[in-house]
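Scroll down for the structure; my scribbles are underneath it.
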Amino acid sequence: MSGDHSHNDSQIDSGSRVNDSHKHKDKYKDKEHKHKDHKKDREREKSKYGNSDHKEFSEKKHREKERIKHEDVKGCVLFFFRTEFKPKKIKLENDRVDKKGKKRKQDEDIKPKKTQKNKKGEVADGKKKAKKEPEEKWKWWEEERATDGSKWRFLEHKGPVMAAPYEPLPSKVRFFYDGKQMKLAPQAEEVATFFAKMLDHEYTTKDAFRKNFFKDWRKEMTSEEKSKITDLKKCNFNEMGEYFKAQSEARKAMTKDDKLKIKVENERLLQEYGFCIMDNHKERIANFRIEPPGLFRGRGDHPKMGMLKRRIRPEDIIINCSKDSKHPKPPPGTKWKELRHDNKVTWLVSWTESIQGSIKYIMLNPSSRIKGEKDWQKYETARNLKKCVDRLRNQYREDWKSKEMRIRQRAVALYFIDKLALRAGNEKEEGESADTVGCCSLRVEHINLYPEKDGQEFVVEFDFLGKDSIRYYNKVPVEKRVRTFFYTSILNKHLQELMDGLTAKVFRTYNASITLQQQLKELTSPDENLPAKILSYNRANRAVAILCNHQRAPPKTFEKSMQNLQTKIDAKKDQLSDAKRDVKSAKADLKVRRDEKSKKAVETKKKAVERLEEQLMKLEVQATDREENKQIALGTSKLNYLDPRISVAWCKKWGIPIEKIYNKTQREKFAWAIDMAEDDYEF
DNA sequence: CACCCTACTTAGTACCCGCCGA
DNA sequence: TCGGCGGGTACTAAGTAGGGTG
């Protein structure tokens, strides 16, 4: 099919690509390494271009606000992409007309009791039906959705759980400055403990971290302290550090009883603060605790690492709830910053964080209606893209020929977003965060062009740090036209014109989901047993994770756990050969005796062999799976990119228990999909 | 349109806890 | 009974993108 272009082949089947990236990754055993080496790479990159243009470029880096073009040695021009996607209203495919809304007096017929959540009859208008599951979970997906942009009609909650107040250190725990003991006032002491707790983390050796920490720490000091403490190197936090280590040891060594007490208390807190009432239903809150103060740990080479994340007080907190709900009370003697009643948003609590000045929120759990609807909708948008993706792809190919540079650039950006599942790459303020990029913020230094490489024509080599400073490295043979036009690219704004609700990230969702579906089709063989099928599923999942570049640091215990597994496998093999020998001798016995008893014995022994073979197989599959998964994170794609209905359908089709694919939390999040998808679901 | 703020999704990791084998 | 390990979760950073403003 011409419309189906080489797209997916190049993503998944291009074994070379996958292998390449793996090979590459192997060189980078841990993150730190990765970053350093990456820097080196970049250095090399720069020096490679000896010309002054490039020196100038690297000095200026991406400071330019305007789109400036830069020539590289090959005479290619790369434009900075920018995201200029303009939002478009997303229409829900089944907009809800709420006829009942007015009539409902939530505060009357809802009491935040445990039994509440199972009352659904009176809520789901006209949907009472016979859906009397034993557990009677609320099926919000069978109800209609609001059309007016309101996110809820009633919202009641107890507010956040504040961070535990600071407890000053016992006086026996000393701090030394320049070899002399010094008692710090609680304010400065608290901040010092943050540092002390991180002492054996390598963060504390980084210049930026130390500099930022020290600067912010000094702000918390009394003037006396400030005048004394002028050099971080002269600070000795060791006793503090030891103290906290001892504390955590003590916590581990606590009696069962004490541990239980803590557990009970946590449970109480969860019951009290972990739920809210939203539109007649008790819903779980995702993060009901205010983030405690501490030292900021950015990811990658973050310019603000080590800065003090200050303590959030009630006076910093905005509460959002229904006017007619029981409002959460601030702690005694304090006030909230603001109490508002905005049902156009989904959050319950917000505050401004002190590092970037961004707003943090308390919101609902993924299992909640409000998150679930949105998630469902996301996949519906991606399915809409499926319907017109051929047209779009043809269009951007056409656009490569456009006379207008902007259009060509836009088309190239879109091509990479589509083909490589790159993120859009929004503009970031320099110096505010780690230097990471996405498709539209790629700079010349992130790309190499080869007319010919490794026997392939027109190869583009990407090497950059993306979200979370995760390295993206990939060599991609591109279509000739792209090469021709590659040097020009700019951001597009027109996605919305192409399709209702289309944004750059929809491509990631679409390509991830369609890839899973295809891979499942391809990899699942009917006569495989269950573990093998699950391996196939994981492999399909893995293909997506690779596409989306979802990496993880290899678990610290990886080598060891592989060894353990291998030991188990070896042991199992031994058992198996023993068992086989047993069968043989039993058979020999049977030949001689020819009685029922020996016949039975043969049968049992055979059974044992079968059982062992199965167990062995299971272990081997597990080993393969784990090995292949060494530095690939499946969770992110599973949770955020793969239409759960594809997985549900696959399970139904092959008789796989859903529990094998989704754990409890995931089943709660995807309850809608589990309920609605049949075995023939097509993404 | 550039800029800025806000809202919400996506992301990796630290850590916890229950379980399992020694 | 204990230590380790492995899955699950909590945490919170870091993205995308909508929407308002001047």
Side-chain angles (χ1 to χ4, degrees), chain A residues 31 65-66 82-90 149 151 201 248 251-253 256 259 262-263 266 270 274 286-292 294 296-300 302 304-305 309 318 320 342 344-347 350 352-353 355-366 370-371 374-375 378 417 423-429 432-434 436-441 465-470 493 495-496 501-509 512 545 548-553 555-558 560-561 564-565 567-568 622 626 631-633 635-641 662-666:
Chain A
K31 284 270 165 64
K65 291 276 169 167
E66 304 86 338
R82 305 165 62 96
T83 44
E84 291 170 31
F85 301 126
K86 262 288 131 58
K88 189 109 194 232
K89 282 259 169 59
I90 298 170
K151 305 293 171 66
H201 199 292
S248 81
R251 219 171 311 125
K252 270 180 221 157
K256 263 201 187 125
K259 279 187 182 168
I262 293 177
K263 210 177 151 185
N266 277 334
L270 172 68
N287 54 323
F288 53 89
R289 286 168 206 273
I290 295 291
E291 293 174 16
F296 176 75
R297 308 155 76 119
R299 299 182 190 155
H302 197 118
K304 298 194 171 182
M305 63 169 79
K309 196 166 94 163
I318 304 175
N320 192 33
D342 181 358
K344 299 280 185 280
V345 297
T346 68
W347 53 268
S350 76
T352 301
E353 149 269 344
I355 305 291
Q356 327 267 2
S358 66
I359 307 170
K360 301 266 193 167
Y361 303 93
I362 289 182
M363 292 184 188
L364 296 195
N365 198 70
I370 211 156
K371 294 290 182 190
K374 199 74 185 301
D375 204 39
K378 172 181 77 187
I417 284 172
R423 294 186 187 83
N426 279 329
E427 206 78 352
K428 305 168 72 180
E429 215 176 317
E432 293 297 300
S433 57
T436 61
V437 295
C439 185
C440 299
S441 44
L465 298 182
K467 183 177 179 181
D468 295 313
S469 292
I470 296 292
K493 163 203 273 196
L495 283 174
Q496 19 137 8
L502 187 61
T503 63
K505 84 187 186 91
V506 176
F507 281 91
R508 260 167 94 80
T509 312
C548 295
N549 200 37
H550 291 142
Q551 301 187 28
R552 62 167 183 173
K556 288 188 185 76
T557 53
F558 185 83
K560 199 162 169 208
S561 86
N564 288 160
L565 205 47
T567 318
K568 271 192 196 169
Q622 205 185 338
R626 199 177 293 177
Q631 42 198 189
I632 299 177
T636 304
S637 49
K638 204 177 205 175
L639 242 40
N640 300 301
Y641 289 105
Y662 290 137
N663 68 27
K664 184 161 169 287
T665 314
Q666 294 167 159

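Letters A, B, ... are given to chains in the order of the sequence lines, protein chains preceding strands, and every chain is numbered from 1. Remember, predicted model here, so these are calculated numbers, not experimental data.
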- request: Tell me which nucleotide among C/dA13, C/dA17, C/dG6 gets nearest to the side chain of A/A424.
  value: C/dA17
statement: With the side chain defined as heavy atoms from C-beta on, A/A633 is closest, among B/dG12, B/dA7, C/dA13, to B/dG12
query: Quick one: is C/dT9 close enough that its OP1 or OP2 comes under 4.0 Å of any side-chain N or O from A/T665?
result: yes
query: Does the side chain of A/V345 reach to within under 4.5 Å of the side chain of A/Y361, using non-hydrogen atoms?
result: no
message: Within the 4.0 Å heavy-atom criterion, would you say A/S350 contacts the bases, only the backbone, or no part of the nucleic acid?
response: nothing
message: Base, sugar-phosphate or nothing for A/K309? Non-hydrogen atoms, less than 4.0 Å.
response: sugar-phosphate
message: Need one value for A/S358: base, sugar-phosphate or nothing, where a base atom within 4.0 Å counts as base even if backbone is also close, heavy atoms only.
response: nothing
task: Evaluate the side-chain proximity of A/F288 to A/L270: yes if any heavy-atom separation is below 4.5 Å, no if none is.
output: yes
- request: Return yes if some donor-acceptor pair links the side-chain N/O of A/K428 with the main-chain N/O of A/A434 below 3.5 Å, else return no.
  value: yes
task: Side chain of A/S561 only, please: which of C/dG18, B/dA7, C/dG6 is the nearest?
output: C/dG6
task: Indicate yes or no: at least one non-hydrogen side-chain atom of A/R626 is less than 4.5 angstrom from one of A/Q622.
output: yes
query: Does a side-chain N or O from A/T436 land closer than 4.0 Å to OP1 or OP2 of C/dG15, or not?
result: yes
task: Kindly point out which of B/dC8, C/dA14, C/dG15 is positioned nearest to the side chain of A/D468?
output: C/dA14
- request: Determine: side-chain N/O of A/N640 to OP1/OP2 of B/dT9, distance under 4.0 Å, yes or no.
  value: no
message: Looking only at the side chain of A/F296 (C-beta and beyond, no hydrogens), which of the listed nucleotides B/dT10, B/dC8, C/dA13 gets closest?
response: C/dA13
query: Within this structure, what is the CH2-to-C1' distance between A/W347 and B/dC8, rounded to whole angstrom?
result: 13 Å
- request: Compare the minimum distances between each of B/dC8, C/dC5, C/dA17 and the side chain of A/K151, then state the nucleotide with the smallest one.
  value: B/dC8
- prompt: Can you tell me if the side-chain N/O atoms of A/R508 get under 4.0 Å from OP1 or OP2 in B/dA11?
  reply: yes
message: Output the rounded distance in Å from CD (A/E432) to C1' (B/dC5).
response: 14 Å
- prompt: Does OP1 or OP2 of B/dT10 have a side-chain N or O of A/T636 closer than 4.0 Å?
  reply: no
field: Candidate nucleotides C/dA17, B/dC8, B/dT10, ranked by approach to the side chain of A/Y641 - the nearest
entry: B/dT10
- prompt: Touch check for A/P366, heavy atoms < 4.0 angstrom, all strands: base, sugar-phosphate only, or nothing?
  reply: nothing
field: Whole angstrom value for the distance that separates P of B/dC19 from NZ of A/K259
entry: 14 Å
message: Please confirm whether the shortest side-chain N or O distance from A/H550 to OP1 or OP2 of B/dA11 is below 4.0 Å.
response: yes
- prompt: Base, sugar-phosphate, or nothing: which does A/Y361 touch, judged by heavy atoms less than 4.0 Å apart?
  reply: base
- prompt: Atom CG of A/N426 and atom C1' of C/dT16: how far apart are they, to the nearest Å?
  reply: 5 Å
message: Considering every strand and a 4.0 Å limit on heavy-atom distances, what is the contact class for A/G635: base, sugar-phosphate, or nothing?
response: nothing
statement: Atom CG of A/L465 and atom C1' of C/dA14 are separated, to the nearest Å, by 14 Å
message: For B/dA11 and A/R423 - does any side-chain N or O of the residue sit under 4.0 Å from the phosphate oxygens OP1/OP2?
response: yes
Residues A/K371 and A/T346: side-chain donor-acceptor under 3.5 angstrom: no
message: Heavy atoms only, 4.0 Å cut-off, all strands: where does A/K374 land among base, sugar-phosphate and nothing?
response: sugar-phosphate
query: Closest nucleotide of DNA chain B for A/R251 versus for A/I359: which of these residues is on the 5' side?
result: A/I359
statement: Taken to the nearest whole Å, CG/A/N365 to P/B/dT9 is 12 Å
task: For A/I262 and for A/K378, find the nucleotide of DNA chain B with the closest heavy atom, then tell me which residue's nucleotide is more 5'.
output: A/K378
- prompt: So, does the side chain of A/K467 form a donor-acceptor pair with the base of B/dT10 at under 3.5 Å?
  reply: yes
query: Is A/Q631 reaching over with its side chain to a backbone N or O of A/Q551, donor-acceptor style, under 3.5 angstrom?
result: no
- prompt: If you pin A/V506 and A/R297 to their nearest nucleotides in DNA chain C, which one's is more 5'?
  reply: A/R297
- prompt: Can you tell me if A/D468 uses its side chain to pair, donor with acceptor, with the backbone of A/I470 under 3.5 Å?
  reply: no
task: Please report, rounded to the nearest Å, how far the C1' atom of B/dA7 is from the CG atom of A/N320.
output: 12 Å
- prompt: Do the side chains of A/K467 and A/T436 get nearer than 4.5 Å, heavy atoms only?
  reply: no
message: Side chain of A/K263, heavy atoms from C-beta onward: which of C/dG8, B/dA11, B/dG18 has the nearest atom to it?
response: B/dG18
A/K371 NZ to B/dT9 P, straight-line distance once rounded to whole Å: 4 Å
statement: Result for 5'-nearest mapping on DNA chain C, choosing between A/K360 and A/Q622, is A/Q622
- prompt: Touch check for A/Q356, heavy atoms < 4.0 angstrom, all strands: base, sugar-phosphate only, or nothing?
  reply: sugar-phosphate
